[in-house]
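All remarks here apply to the structure that follows.
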Amino acid sequence: MDTAQIEPGTTFVWPSEDVSQIPFRVYTDQDLYDREQRVLFQGPTWNFLCLDCEIPEPGDYKMTYIGDAPIVVVRDENGDINAMVNRCAHKVSLICYKPRGNVKEFACIYHNWTYDLRGKLTGVAFGRGVRGQGGLTEEFKHDEHGLERIRIENVRGFIMGTFSDETPPFASYIGAELMASIERVFIKPLKVLGYHSQIFPNNWKLYVENNKDSYHASLLHVFHNTFGVVRPTMTGGIKLSESGWHHLSYTQREEIGDDNIDKEKVRAKQKDYSLADTRMMEHVLELGDKVTNSIQTVFPTMVLQQILNALAVRQLIPKGVNESELIWTILGFEDDDSDMDELRMQVNNLVGPAGFISMEDGCVGGFIQTAAKANVDAQTVLPMGGRKIEPSQGSRVTESAVRGFWKGWRECMGV
Amino acid sequence: MTTKIDLDRDLSLRLRIDALLANYIHCIDEDRLEEWPDYFTNDGRYKVVTRENYDLGLPVALIYCDGTGMFKDRISALRTANIFEPHVYCHMVSALKILDSSGPNIKTQSNFTVTRTMSEGQMMTFLCGKTIDTVTEIDGELKFKERTVILDSRRIDTLLVIPV
């Protein structure tokens, strides 16, 4: 396999022909991390930035990140959304340092260079000098010193961004089948119900793998089994994009004969342990089908979630080799009534940093990071479901989607 | 003008609430979590929220319990289902302020920090912020009718499983 020159004096060789073995080094190596920033996050990938509904008015902005790169997303006077690198063209200071707000223009606090809401440089303080002395010379062209613009697409209210002109349009990036599954869940205008953030003591890729790894779900997260809320009538499967980069894992109810779809409630089954209060397991079938869980990943770091009536988008931000941050944006539909708001409050007990079925995802990556760093030349193995990268109908006992992630990682990284 | 009678009443109330808060945090810090639901009324509500969401008026909580059953479920899941590296809390509570004591429901606010110590000894300031509580008397005992824990930071290190 090709040897990639990562940084001067270092090389990284992928140790096998396929992606069924993963070298520990990918989770611990600073050179690989630096390369990921340049060629993967700032390469031909789509990254979640924010929601359309978070910046409804002209001048509304939100700070976010693509990898390590600070980004600002803003709605301009025409109602169009623009995304720029949050970095002054002069001394590269952040131009926005408050997480959200409303502005008429962006002004860098350091030397008061100003930019319009499309990132064009509109003013340089003391550009003409003082009393004829100092200032800019004629060779300085304002047009050449705007903010670096990010290409965006609005996908059902999710604002996606990419640094690269090479990135295919979002719909072809993830493919028709996975685009349809986004459209299945996000059928109406959205509203934000809250934010959570969780710091993981591990490399960002361990959390991405965890999302693609449907094999672990019933083994690590034993809440459902313990309280008997998994029904044998549930079926599910894995869908993969043709590229292998993106995936969908879903489960659905198969019971037939209940016509009252809108009001149907899912109740916990009594076993050895049972829940004293089952309100958080209630499921209003609001999407016109019986899918109970849908976890969808968009390479590299976006996760779209429907767990019963808990809707969210999760954005993973790398924070150095050994740490990452997961931002949860908890969603509802704009037209939810107060009963639905209350139901979403209840079901959100299942997810987030304190979620009954998600909290373990916070610690398992740290367990791997701790164990892996002692022997970076060793490898993890991904044998479940063979070595191929293919969809799985009926069974989620496969690591196919994890292998798909590594295919995408290798293609971006050139290793 | 505060009269001596007002002050005596206020002092006695503060001592009783202070005792409630002390018993509550020792119950958690000493891992007697099965007793935790008893600190709330049967229709008690408990929310752990972030200051960000609270200030923006956004409703979603990290932990939301509404009624005794949900309190018990939090603890039984912690004991039987959820997996996490063992750790303990040390709560520090201060600056108790009585917001409203005119009716049967007394509204208070106080600050807290929680230091978390892991089984191998790593120790950190895990949480800090304030609580806004509504306390009421049931059969001569003070209980929380509502307790809203507002975390200053939105970042939770790894996970949140033990209540605050």
Side-chain angles (χ1 to χ4, degrees), chain A residues 99-100 191-202 219-227 268 272-280 310 312 323 325-332 341-342 344-349 351-367 370, chain B residues 37 42-87 116 118-120 122 124 126-127 149 151-164:
Chain A
R100 53 179 70 79
K191 68 177 177 187
V192 172
L193 299 178
Y195 304 95
H196 302 316
S197 152
Q198 199 170 359
I199 294 289
F200 298 136
N202 55 260
L219 302 170
L220 176 66
H221 308 297
V222 297
F223 177 84
H224 277 136
N225 296 340
T226 303
F227 293 101
D272 301 347
Y273 291 101
S274 61
L275 291 170
D277 191 325
T278 56
R279 274 177 291 169
M280 70 180 170
E323 196 170 278
E325 178 176 14
L326 186 69
I327 311 278
W328 301 71
T329 305
I330 311 299
L331 302 170
D341 286 344
E342 175 66 19
R344 293 202 206 276
M345 287 272 295
Q346 297 278 1
V347 68
N348 269 290
N349 275 307
V351 290
F356 285 121
I357 61 165
S358 70
M359 68 171 76
E360 290 85 3
D361 294 327
C363 64
V364 71
F367 294 165
T370 301
Chain B
N42 289 335
D43 63 348
R45 281 157 72 98
Y46 172 79
K47 272 190 253 182
V48 180
V49 301
T50 62
R51 188 167 179 158
E52 179 185 36
N53 288 337
Y54 189 81
D55 288 350
L56 290 169
L58 298 172
V60 158
L62 287 150
I63 300 176
Y64 174 43
C65 297
D66 175 31
T68 301
M70 295 185 76
F71 288 83
K72 289 185 173 160
D73 290 338
R74 270 282 158 188
I75 303 308
S76 57
L78 178 154
R79 294 289 193 220
T80 62
N82 290 127
I83 294 160
F84 50 90
E85 190 180 342
H87 58 277
R116 184 186 67 184
M118 310 303 288
S119 54
E120 285 197 351
Q122 306 98 306
M124 74 186 300
F126 179 50
L127 305 168
V149 179
L151 308 177
D152 273 355
S153 174
R154 74 166 181 183
R155 282 189 181 169
I156 299 294
D157 183 82
T158 311
L159 58 84
L160 174 67
V161 62
I162 301 173
V164 188

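Remember, predicted model here, so these are calculated numbers, not experimental data. Every chain is numbered from 1, with letters handed out A, B, ... down the list of sequences.
- Per-residue counts of heavy-atom pairs under 4.5 Å with chain A were compared for Val48(B), Val49(B), Val161(B); the largest is that of Val161(B).
- Between Arg154(B) atom CZ and His196(A) atom NE2 the span is 11.0 Å, to the nearest 0.5 Å.
- Rounded to the nearest 0.5 Å, atoms CZ (Phe356(A)) and CG (Leu78(B)) are 9.0 Å apart.
- Interatomic distance, CZ of Phe223(A) versus OG1 of Thr80(B), reported as 8.5 Å (0.5 Å rounding).
- With a threshold of 4.5 angstrom between heavy atoms, Glu323(A) does not approach chain B through any atom at all.
- With a 4.5 Å cut-off on non-hydrogen atoms, Arg100(A) touches chain B through its side chain but not through its backbone.
- Taken from OG1 in Thr158(B) to CE in Met359(A), the straight-line distance is 12.0 Å, to the nearest 0.5 Å.
- Between Asn82(B) and Glu360(A), the closest side-chain pair of non-hydrogen atoms falls below 4.5 Å.
- To the nearest 0.5 Å, atom CD of residue Glu120(B) and atom OG1 of residue Thr370(A) are 8.0 Å apart.
- With a 6.0 Å radius and a threshold of 12 heavy atoms from other residues, nucleotides or ligands, Phe126(B) has its CZ atom above the threshold.
- Using a 4.5 Å cut-off between heavy atoms, Val364(A) makes no contact with chain B at all.
- Residues Leu193(A) and Leu58(B) share a closest heavy-atom pair of O-CB, 3.4 Å.
- In this structure, Ala354(A) and Ile63(B) approach most closely via the heavy-atom pair CB-CG1, 3.7 Å.
- Summarising the geometry, atom CD1 belonging to Ile199(A) is positioned 13.0 Å from atom CG belonging to Leu159(B); distances are rounded to the nearest 0.5 Å.
- Considering every non-hydrogen atom in both Val222(A) and Ala81(B), the closest pair reads CG2-O, 2.9 Å.
- Minimum interatomic distance between Asp73(B) and Ser274(A) (heavy atoms only, all atoms of both residues): OD1-O, 4.3 Å.
- Tyr64(B) has its side chain within reach of Glu342(A): a pair of non-hydrogen atoms, C-beta onward, lies under 4.5 Å apart.
- Contact of Leu56(B) with chain A is made through the side chain alone, with heavy-atom distances under 4.5 Å.
- Atom CZ of Arg51(B) is surrounded by 12 or fewer heavy atoms from other residues, nucleotides or ligands within 6.0 Å.
- Between chain B and the residues Ile327(A), Ile330(A), Asn349(A), the most heavy-atom pairs under 4.5 angstrom are made by Asn349(A).
- Residue Asn53(B) comes nearest to Gly194(A) through the heavy atom pair OD1-CA, 3.5 Å, listed as atom of the first residue, atom of the second, then distance.
- In terms of heavy-atom pairs under 4.5 angstrom with chain B, the leader among Met280(A), Lys191(A), Met345(A) is Met345(A).
- For a heavy-atom cut-off of 4.5 Å, chain A lies close to Asp66(B), Gly69(B), Met70(B) in residues 65-72 of chain B.
- Only the side chain of Thr50(B) comes within contact range of chain A, with heavy atoms under 4.5 Å apart.
- Among Gly332(A), Pro99(A), Gly352(A), Ser197(A), the residue making the largest number of heavy-atom pairs under 4.5 Å with chain B is Ser197(A).
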